[in-house]
There are 2 protein chains.
Amino acid sequence: MGKIKENSTNNINKQYIYECDLSYAVCKIGGRWKLFILSRLKDDKLRFSELKRAISGITERMLTLQLKELEKEGLIKRTVYAEVPPRVDYELTDIARELIPIWDALNTWGGKHRKFIEQQEQSEE
Amino acid sequence: MGKIKENSTNNINKQYIYECDLSYAVCKIGGRWKLFILSRLKDDKLRFSELKRAISGITERMLTLQLKELEKEGLIKRTVYAEVPPRVDYELTDIARELIPIWDALNTWGGKHRKFIEQQEQSEE
DNA sequence: CAGGATCCGGCTTGATACTG
DNA sequence: CAGTATCAAGCCGGATCCTG
């Protein structure tokens, strides 16, 4: 049982009581944009601007913040090339890759749940 | 791609762009207390007061709100008994039960990631 | 190109008191 | 017992402007 006080873009991250590894895990990947970012990096190594374009609606600020957190948490690897203009790219780490089957499963569940709810709403009318 | 405007205790729920079922799923189970509640109900059918005691730190208000959302989303079933004093209990629905293997996997991953990070921090010092 | 810094509103959460 | 109502505060995320 511990409290996390570091700055974070994720409200779930703060003052969260880690009684179990489950909530700990959700802290790491929960949040407004993290799953988007991670799933975009599933197959490719992408640059900052590519990520920005790939994730519609995200601001540079948010992308920066979330990337920084993900890096600190060991989920992505940031590579800076000594070039002009500057070039940075991001890729998943091994431990992040282990999450892929999980979010695939969540994805499947999400689709199923969605259909289920839609049917239910129709039959109510 | 749709936006959700309903009231919710979960900021992730609002104005969320559902491009994929993955983020949709995270909306449903993400949030400050939802996973705690769900995991407490994994094996037992619990009453309001039991849940409150089981989840340290949660206020009645938050418990009420999150339970209401979970019910609306079809993840828990609420049963009211016509007794005095009143009695209500909560249990997982079938579709929520399908999430169990997923959060078990997340739990495992969380533990692994945690150890990994701790080792990393130690070796840095 | 890849960010950093700052300001700010709105939502989420919490504390507390009250009720059928 | 199982909530509801109200008030207050803290945090996230967005907009905008700036830099190496």
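Numbers restart at 1 for each chain; the letters A, B, ... are given by sequence-line order, proteins then strands. Note: hydrogens, waters and symmetry copies are ignored here, and every other heavy atom, side chains too, is used. Values in this document were obtained by computation on a predicted structure and should not be read as measured data.
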Could you give the [atom1]-to-[atom2] distance, from [X] to [N], as a whole number of Å?
X     : N      : atom1 : atom2 : answer
B:L63 : C:dT12 : CG    : C1'   : 16 Å
B:L51 : D:dC1  : CG    : C1'   : 13 Å
A:E60 : D:dC18 : CD    : P     : 14 Å
B:L65 : D:dT4  : CG    : P     : 8 Å
B:L46 : D:dC1  : CG    : C1'   : 15 Å
A:E69 : C:dG3  : CD    : C1'   : 16 Å
B:L67 : D:dC1  : CG    : P     : 16 Å
A:Y81 : D:dG20 : OH    : P     : 25 Å

| request: Check whether any side-chain heavy atom of B:I117 lies under 4.5 Å from a side-chain heavy atom of A:Y24, and answer yes or no. | output: yes

| Hey, does B:I29 have a side-chain heavy atom less than 4.5 Å from the side chain of B:I102? | no

Reckon [X] has a side-chain N or O less than 4.0 Å from the OP1 or OP2 of [N]?
X     : N      : answer
A:Q66 : D:dG13 : yes
A:K68 : C:dG3  : no
B:K52 : D:dC1  : no

| query | NZ/A:K112 to CG/B:L99 distance, rounded to the nearest 0.5 angstrom? | reply | 10.0 Å

| said: With a 3.5 Å distance limit and no angle check, can you tell me whether A:W109 reaches the backbone of B:I95 through a side-chain donor-acceptor pair? | reply: yes

| field | Earlier contact from the 5' end, DNA chain D, for A:P86 and B:R78 | value | B:R78

| query | If you find the nucleotide of DNA chain D closest to B:R61 and the one closest to B:S49, which residue's nucleotide is nearer the 5' end? | reply | B:S49

| query | Mapping B:T59 and A:P85 onto DNA chain C by nearest heavy atom, which one lands closer to the 5' end? | reply | A:P85

When you get a sec, tell me which of [options] is the closest nucleotide to the side chain of [X]?
X     : options              : answer
A:R47 : C:dG4, C:dC1, D:dG3  : C:dC1
B:M62 : C:dG14, D:dT4, C:dG3 : C:dG14
A:Y90 : C:dG3, D:dA15, D:dG3 : C:dG3

| message | Between B:K42 and B:D104, does any NZ, NE, NH1 or NH2 come within less than 4.0 Å of an OD or OE carboxylate oxygen? | response | yes

